[in-house]
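Counting starts at 1 for both ligands and their atoms, in listed order. The shown structure was predicted, so the numbers you read here are calculated from the model rather than taken from an experiment.
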Amino acid sequence: MNATPVPTRCGLVALIGEPNAGKSTLMNRMVGAKVSIVTHKVQTTRARVRGIAVEGAAQLVFIDTPGLFRPRRRLDRAMVSAAWGGATDADVVVLLIEAHRGLTDGVRTILESMATQIPPGRTVALAINKIDRLPAERLLALSAEANAAYPFAATFMISAMRGHGVEDLRRWLAGQVPEGPWLYPEDQIADVALRQIAAEMTREKLTLRLHQELPYELTVETEAWEDRPDGSAKIDQVIYVARDGHKGITLGPKGETIKAVGQASRAEIAAFLGREVHLFLTVKVRPGWLDEAERYRAIGLDFRDGEP
Ligand SMILES: Nc1nc2c(ncn2[C@@H]2O[C@H](COP(=O)(O)OP(=O)(O)OP(=O)(O)O)[C@@H](O)[C@H]2O)c(=O)[nH]1
Ligand SMILES: [Mg+2]
């Protein structure tokens with residue numbers, strides 16, 4: 001008996017939403033590995049990150065994007081522009097909103113912009129995330145309210161953190177992406193350079209440990225990567241901070257902060273690579289980095305998009 005072969009499908013799925021909506025958490029869960037960093041703070045993701053998942057005969061190429069918000073500074077503008085760019089490229093767009101926050105002013109602004117930013121005919125779904133934070137009886141009202149504001153093709157109630165509803169969403173997405181050959185080899189889970197992932201992991205640990213504005217005003221770059229004959233990797237990274245005073249805070253008393261950050265990041269990079277890692281961090285004061293094209297390129301952002 002010959003079964004009719006199921007045609008392969010493949011498409012880009014952009015995850016958009018306000019900062020902190022849970023886009024990166026959802027993409028990591030879809031992929032089954034941490035390819036995009038996550039923190040409890042807003043504006044964690046700075047550039048588009050592609051994570052790849054397979055559902056049956058479909059390859060889903062997720063585009064995690066920076067949060068959409070009203071940009072004030074050059075870096076903000078480049079981030080928001082990268083996010084809309086992700087939505088424009090995609091076959092399917094999923095807007096994430098937070099269940100317990102509902103239709104905030106920020107979400108309403110996004111809904112208004114979607115009318116002009118997303119090409120007509122594009123499939124757009126709504127994912128109400130963090131349903132673990134809202135009583136079930138209030139979810140239906142929120143769903144109705146959101147669907148009255150925008151003609152979503154489908155609505156999903158999910159908890160990206162706990163996994164509820166994520167399978168349903170993935171199956172639905174697999175049916176939405178067009179028929180066609182897979183873009184990536186079967187076992188590839190991300191389309192980001194390893195040195196970039198390694199830099200992001202260090203930035204995540206810094207963001208978790210440092211307070212207030214500092215995480216925004218720093219950037220991490222992998223400067224050198226040496227694969228050693230014993231199978232280990234030696235990775236040198238630079239943390240650029242914008243002000244003198246920030247260097248001391250980043251190092252911490254007796255260098256304790258940078259040491260803890262280095263240990264945590266090293267462990268995570270090693271687990272990701274499945275090999276031993278020697279990580280060396282240097283903090284450099286670079287007052288103008290937020291206006292340097294080279295720093296934006298290293299992050300994966302278009303400098304011109306941040307034009308003042
Ligand atoms: N309670 C709860 N928290 C969640 C859920 N999904 C994500 N979070 C948390 O929300 C916070 C933000 O998650 P991220 O995935 O970094 O959000 P993001 O949308 O990528 O944020 P930006 O990159 O800043 O735009 C983290 O503390 C997550 O653990 C969820 O389903 N329930
Ligand atoms: Mg993110």
If you have a sec, work out which protein heavy atom is nearest atom 3 (N) of ligand 1 and how many Å separate them, to one decimal? M161 SD, 3.6 Å
Residue selection (non-hydrogen contact nearest atom 24 (O) of ligand 1) among T207, T44, L68: T44
Answer yes when E256 and K259 have at least one side-chain N-carboxylate O distance shorter than 4.0 Å, and no when they do not. no
Between ligand 1 and A21, is the shortest N or O to N or O distance under 3.5 Å? yes
Indicate whether the side chain of T39 and that of T44 have a donor and an acceptor atom separated by less than 3.5 Å. yes
Parallel, tilted or perpendicular, as decided by the 30° and 60° cut-offs, for the rings of Y296 and W289: tilted
Would you call K234 and D236 a salt bridge, using N to O less than 4.0 angstrom? yes
Is the shortest side-chain N to carboxylate O distance from E200 to R203 below 4.0 Å? yes
For residues 90-99, which side-chain N or O atoms pair as donor and acceptor with protein atoms under 3.5 Å away, sequence neighbours left out?
from	atom 1	to	atom 2	distance (Å)
D91	OD2	L12	N	2.7
E98	OE1	R101	NH1	2.9
E98	OE2	K130	NZ	2.9

Could you work out, for atom 9 (C) of ligand 1, the closest of H40, R46, K130 by heavy-atom distance? K130
Can you tell whether the side chains of E217 and R243 come within less than 4.0 Å, N to carboxylate O? yes
Within-2.8 Å protein N/O/S contacts of the Mg ion (ligand 2): S24 OG, T45 OG1
Hey, does S24 come in under 3.5 Å of ligand 1, counting only N/O atoms on both sides? yes
Can you tell me which portion of R133 lies within the under-4.0 Å heavy-atom range of ligand 1? Options are side chain, backbone, both, or neither. side chain
With the threshold set at 4.0 Å, does a side-chain nitrogen-carboxylate oxygen contact exist between D64 and R48? no
Option whose closest heavy atom lies nearest to atom 19 (O) of ligand 1, chosen from H164, E98, K23: K23
Between R228 and D230, is there a side-chain N and carboxylate O pair less than 4.0 Å apart? no
To which of N129, L134, D132 does the heavy atom nearest atom 32 (N) of ligand 1 belong? D132
Got L68 and W84 here, is their nearest side-chain heavy-atom distance under 4.5 Å? yes
Could an N or O of ligand 1 be found under 3.5 Å from any N or O of G22, whether backbone or side chain? yes
Got the closest protein heavy atom to atom 14 (P) of ligand 1, with its distance? T25 OG1, 3.6 Å
